[in-house]
Structure formats: structure tokens, C-alpha cells
Amino acid sequence: MNLDLDKLNDKQRQAVVTTSSKVLVMSGAGAGKTKVLTNRIAYLISKGVPENEIIAFTFTNKAAREMRNRLYSILGRESRGFIGTFHSYCYVSLKELGNYMKVGFQYEPEIITDYDKSRIIKEILSKYNKDYSNIPFVSAISKIKNGIKIDNIQGEDRLILNAVYTEYQEVLRKSSMMDFDDLVPLFLKLCEADPDYFKFACQYQYVLVDECQDTNSIQYELIKKVSEEYENIFMVGDEDQLIYSFRSSDIAILNDFKDKCDEIIILNENYRCNKEILKLANKLISYNVDRLEKDLVSHIEPLQGVIYKDFINQTDEAIEVATRIKQMNLKGESFEDMAVLYRNNSQMYAIEKILAKEKIPYTVYGAMAFFEYADIRNIINIYRLLFNPRNEIAFSAIHNKTVHIEFYAR
């Protein structure tokens with residue numbers, strides 16, 4: 001085993017080797033929370049804890065893969081304990097030993113896609129009111145399953161919601177289907193339906209939770225269920241990084257655990273950003289209410305200052321970005337050493353448009369470039385043909401897309 005606690009700072013080491021039962025690790029961005037989690041698991045294994053007695057919940061599959069890979073580098077092999085999302089754990093448990101039959105399914109259920117879920121709810125809703133959008137009802141049904149209060153649907157609409165919910169669940173049951181939001185409630189139902197399975201297969205000596213600030217009430221109930229016998233809970237999170245309240249995560253859960261835990265450890269040494277960036281970030285975050293004070297610190301010296309500007313629209317912002325890129329390039333900086341970060345993909349088009357206009361080469365990571373979408377390529381090729389009817393490449397690209405051409409022509 002390649003476990004080296006000397007590579008951890010004091011606070012990280014404290015978290016890894018703690019003997020407290022209920023531990024809350026408040027980890028600022030870039031403070032090494034994944035390192036702490038993986039080293040904590042490896043440390044427990046080194047102390048003789050059976051791997052199948054350790055369970056680690058992550059918020060995404062990507063985070064689970066990252067933890068498994070890091071643990072592999074420490075253990076020198078695959079971990080035999082469960083590391084994954086709440087939903088994947090529940091899905092595996094429901095499929096195991098035919099447990100799905102104990103919660104009302106005759107056949108092994110599949111998970112319905114979001115598209116089919118939306119379509120079915122829309123069809124059911126149309127029986128009651130054809131003018132209603134199904135979007136708020138899809139959201140409301142998800143909230144019902146996650147134990148979240150619904151405030152935006154009242155009166156007669158609430159009666160319609162109850163009817164749509166009941167009929168939707170019946171459609172799922174008859175088709176041996178369940179949606180993503182059913183997984184945790186069905187697992188909790190299984191625990192009640194089969195106490196022996198719950199007692200012998202669902203109790204863990206050590207329960208670890210990543211990104212605990214993003215958990216919702218039903219997931220918190222799951223955490224308490226699987227830790228009921230030993231009550232060893234190790235939760236890592238940061239209320240300053242709560243970003244999934246729109247998906248029913250609730251900061252009250254973190255605060256509840258904060259009040260009940262035996263030990264709070266704060267990781268505040270940032271290894272990702274320089275001092276100047278952290279100074280500004282700390283100032284901004286300080287305005288958050290009901291937070292545990294934990295100003296991040298860094299030992300990385302800045303190469304230059306941070307420039308902040310406000311813009312009226314996305315186009316002006318994109319022009320400023322392109323201008324600065326060109327200025328840095330003229331000073332000898334390579335385009336490959338520059339990056340443009342944006343909050344969401346809707347901002348990408350304005351930036352791409354200006355970069356293309358200024359002939360600045362770029363590559364889009366994590367999403368398809370705007371001008372690479374099939375419909376956009378079709379439109380561009382149509383314009384190419386309008387300006388040059390002999391453009392065989394453009395014609396070849398769209399010659400079998402007559403319907404689309406007629407649509408665009410309108």
C-alpha cells in the first residue's frame with residue numbers, strides 16, 4: 001500500500017486519522033477534499049477495517065471514478081468497497097436478489113429516460129388541461145419524490161398534480177419502469193419491507209459522503225439509514241459551494257449535521273489558485289450568510305493582477321476577450337497557453353463568433369462548437385450555395401436534406 005500521510009498538511013492528516021464518530025470536514029475549493037477522502041478510506045483499510053464495511057457516496061459518477069482511480073494508486077489494486085452515487089447504490093440494491101419484487105415490481109425495472117418521462121407526463125396532463133405546460137409538473141413530481149415542499153402549484157392545479165402523479169406512477173409500475181427520483185425512496189421502502197436485508201446487507205461501519213452540501217432530505221435519510229448501527233459518518237463539503245438548490249439540495253441538512261457532529265475540521269489551504277485570486281474570492285464569499293468562517297489561503301505568488309470589468313452585453317464582453325488575446329499574442333504569448341472560461345454554454349456563441357471574426361484559433365472542450373452543430377452547418381452551406389452555386393462541397397453536404405432547406409428558406 002502506497003499510503004504516505006507525510007504528504008498531507010496538518011489539517012488533512014487530522015481528518016484522515018480522526019477517531020471521532022461524526023466528522024464534518026469543511027473543505028474550501030482546491031483544498032484537497034478528494035485527497036482526504038481517498039486517504040481516509042486507505043487509512044481505514046490499513047487499520048484492518050474490511051473494505052465491504054466502508055461505503056463512500058459521491059454526487060456524480062465522474063467524482064466516483066476520480067476517487068476509485070486515486071484509491072487504486074494508493075492500494076495498488078481496485079477497491080472492493082462501494083464508491084458511487086446515492087442513486088447507483090440504490091439501483092444495485094434494488095436489483096440484488098430480486099429485491100425489486102419486495103417494493104411492488106413483477107419484473108426487473110428499467111430507468112425511464114428524461115425524454116420519455118416528460119412525454120408521458122405531458123400526455124397525462126393533456127387529459128386535464130391541454131393548455132398547461134408539462135414543465136412545472138415534471139419539476140413538481142420530482143420534488144414530491146425528494147420530499148421537497150411545492151409552493152408554485154396551488155388550488156385546482158394541486159388536484160391536477162395529484163391526479164397526474166398517481167397516473168404517472170401507475171404507468172411506470174405497469175411498464176416495470178422507474179424514474180431517477182424513485183431510486184432512493186424505493187430503497188428506503190425496501191429497508192422497511194425487508195428488515196433482515198436492511199440489517200445484514202445495508203449497515204456499514206464507516207459512511208463517507210462527498211459534496212454533502214448538495215444532498216437533499218431523502219438522501220440524508222439514506223445516509224442515516226445505512227449508518228444506523230455504527231453511526232460513523234464522515235461528511236466533506238462546503239456551504240460556499242452550494243449550487244444545486246434548484247435540484248432540491250438543502251443547506252439545512254449540512255447545518256443539521258454540523259450541530260450534531262463530534263468534530264469539525266476546516267481545510268483552508270488552497271493548492272489551485274494564487275494569493276491574489278483568493279483574496280478577491282474570500283472578499284466576495286464573505287457576503288454569504290450563515291456560513292462557517294474559513295478564508296482560504298495560498299502560498300502561490302501571482303504572476304499578474306486580476307482585472308475585473310463589467311459589460312452591457314455578451315458581445316462587448318467577447319470583443320474585450322478577443323482584444324486581450326490578440327494583445328497577449330503580439331507580446332509573444334502562444335494561443336495554446338490561453339483559455340477562456342464561461343459559466344454556461346449559452347455564453348459560448350458570442351465568444352466563438354468574435355474569435356472566428358478575428359481569426360483567432362480556438363478549440364472548444366466539453367461541448368460541441370456552435371458552428372459544428374448539424375443545423376448550423378446546413379445553414380452555412382446553404383448560404384455558400386447562394387453565393388456560389390458551383391460549390392460542390394456545400395451541395396454534397398446538404399443535397400439529401402431538402403426538408404431542412406425548405407424550412408430554413410421560410
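Side-chain atoms are counted along with the backbone in the values below, which use heavy atoms only and exclude waters and symmetry mates.
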From CG (D238) to CD1 (I285), nearest 0.5 Å: 7.0 Å

Student check: side-chain heavy atoms of I380 and Y383 closer than 4.5 Å: no

Nearest-0.5 Å distance, CG of residue L296 to SG of residue C273: 8.5 Å

Ion pair K117/D181, N-O distance below 4.0 Å: yes

Between N2 and S73: side-chain donor-acceptor atoms closer than 3.5 Å: no

Donor-acceptor contact below 3.5 Å, side chain D116 vs main chain T113: no

Main-chain N/O of E110 paired with S176 side-chain donor or acceptor, under 3.5 Å: no

Non-hydrogen atoms of V138 and S118 that approach each other most closely: CG2-CA, 4.2 Å

More than 12 heavy atoms from other groups under 6.0 Å of CG on L303: no

More than 12 heavy atoms of other groups within 6.0 Å of I135 CD1: no

Atom of L75, atom of M1 and distance for their closest heavy-atom approach: CD2-CE, 3.4 Å

Ionic contact status for E211 with K33, cut-off 4.0 Å: yes

K353-Q314 side chain donor-acceptor pair, cut-off 3.5 Å: no

CG/D114: more than 12 non-hydrogen atoms of other groups inside 6.0 Å: no

Where L208 and I41 come nearest, the two heavy atoms and their spacing: CD2-CG1, 4.0 Å

Smallest separation among heavy atoms of L125 and S133, with atom names: CD2-O, 3.5 Å

M338, CE atom: more than 12 neighbouring heavy atoms under 6.0 Å: yes

Over all atoms of both residues, closest heavy-atom pair of Y91 and P109: OH-O, 3.7 Å

Polar side-chain atom of Q347 near backbone of N344 as donor-acceptor pair, under 3.5 Å: yes

Under 3.5 Å: donor-acceptor pair, side chain of S126, backbone of E123: yes

Heavy-atom donor-acceptor pair, D316 side chain to N313 backbone, under 3.5 Å: no

Side-chain ion pair, K199 and D196, N-O less than 4.0 Å: no

Any side-chain heavy-atom pair of K225 and C202 under 4.5 Å: no

Heavy-atom side-chain proximity of V340 to Y362 below 4.5 angstrom: no

Salt bridge present between K62 and E66 (N-O < 4.0 angstrom): no

Close side-chain approach of I160 and Y132, heavy atoms under 4.5 Å: yes

Considering all heavy atoms, the nearest E221-L188 contact: CG-CD1, 3.8 Å

Cationic tip of K22 above F257 ring, under 6.0 Å, 45° of axis: no

Working for side-chain contact (heavy atoms from CB on, under 4.5 Å), residues F57 and Q219: CA-CA 10 Å; F57 291 116; Q219 292 165 348; over 6 Å; no

Working for side-chain contact (heavy atoms from CB on, under 4.5 Å), residues L183 and I111: CA-CA 9 Å; L183 288 167; I111 299 177; 4.0 Å; yes

Whether T323 side chain and I319 backbone form a donor-acceptor pair below 3.5 Å: yes

Spacing of OG belonging to S298 relative to CD1 belonging to I277, to within rounding of 0.5 Å: 9.0 Å

CA sep, side-chain torsions, deciding dist, call: N52, R80, side-chain contact (heavy atoms from CB on, under 4.5 Å): CA-CA 6 Å; N52 61 357; R80 291 186 286 272; over 6 Å; no

Heavy-atom neighbours of K275 NZ exceed 12 at 6.0 Å: yes

Cationic N near anionic O, under 4.0 Å, E78 to R68: no

Aromatic Y197 / basic K102 pairing, under 6.0 angstrom, 45° off normal: yes

Side chain proximity check, T18 to F234, heavy atoms < 4.5 angstrom: yes

Charged N-O contact under 4.0 Å between R173 and E170: yes

Minimum side-chain heavy-atom gap V49-Y43 below 4.5 Å: no

Side-chain (Q12) to main-chain (V36) donor-acceptor, under 3.5 angstrom: no

Separation between CG of D182 and CG of L94, rounded to the nearest 0.5 Å: 9.5 Å

Side-chain donor/acceptor of D194 to backbone N/O of L190, under 3.5 Å: no

Evaluation steps, side-chain contact (heavy atoms from CB on, under 4.5 Å), between K127 and E167: CA-CA 11 Å; K127 300 177 185 178; E167 191 170 339; 2.4 Å; yes

Polar side-chain atom of N134 near backbone of F137 as donor-acceptor pair, under 3.5 Å: no

E53 and L44, any side-chain heavy atoms less than 4.5 Å apart: no

Carboxylate-amine/guanidinium proximity below 4.0 Å for E320 and R324: yes

Q154, CD: over 12 other non-hydrogen atoms inside 6.0 angstrom: yes

Interatomic distance, I144 atom CD1 to S139 atom OG [nearest 0.5 angstrom]: 10.0 Å

Short side-chain to backbone donor-acceptor contact, S27 and V236, under 3.5 Å: no

Ring pair (Phe, Tyr, Trp, His ring centres under 6.0 Å) involving F187 - partner list, sequence neighbours excluded: Y89

Value rounded to 0.5 Å, distance of CD1 in I83 from CG in N61: 12.5 Å

Side chain proximity check, F198 to Q203, heavy atoms < 4.5 angstrom: yes

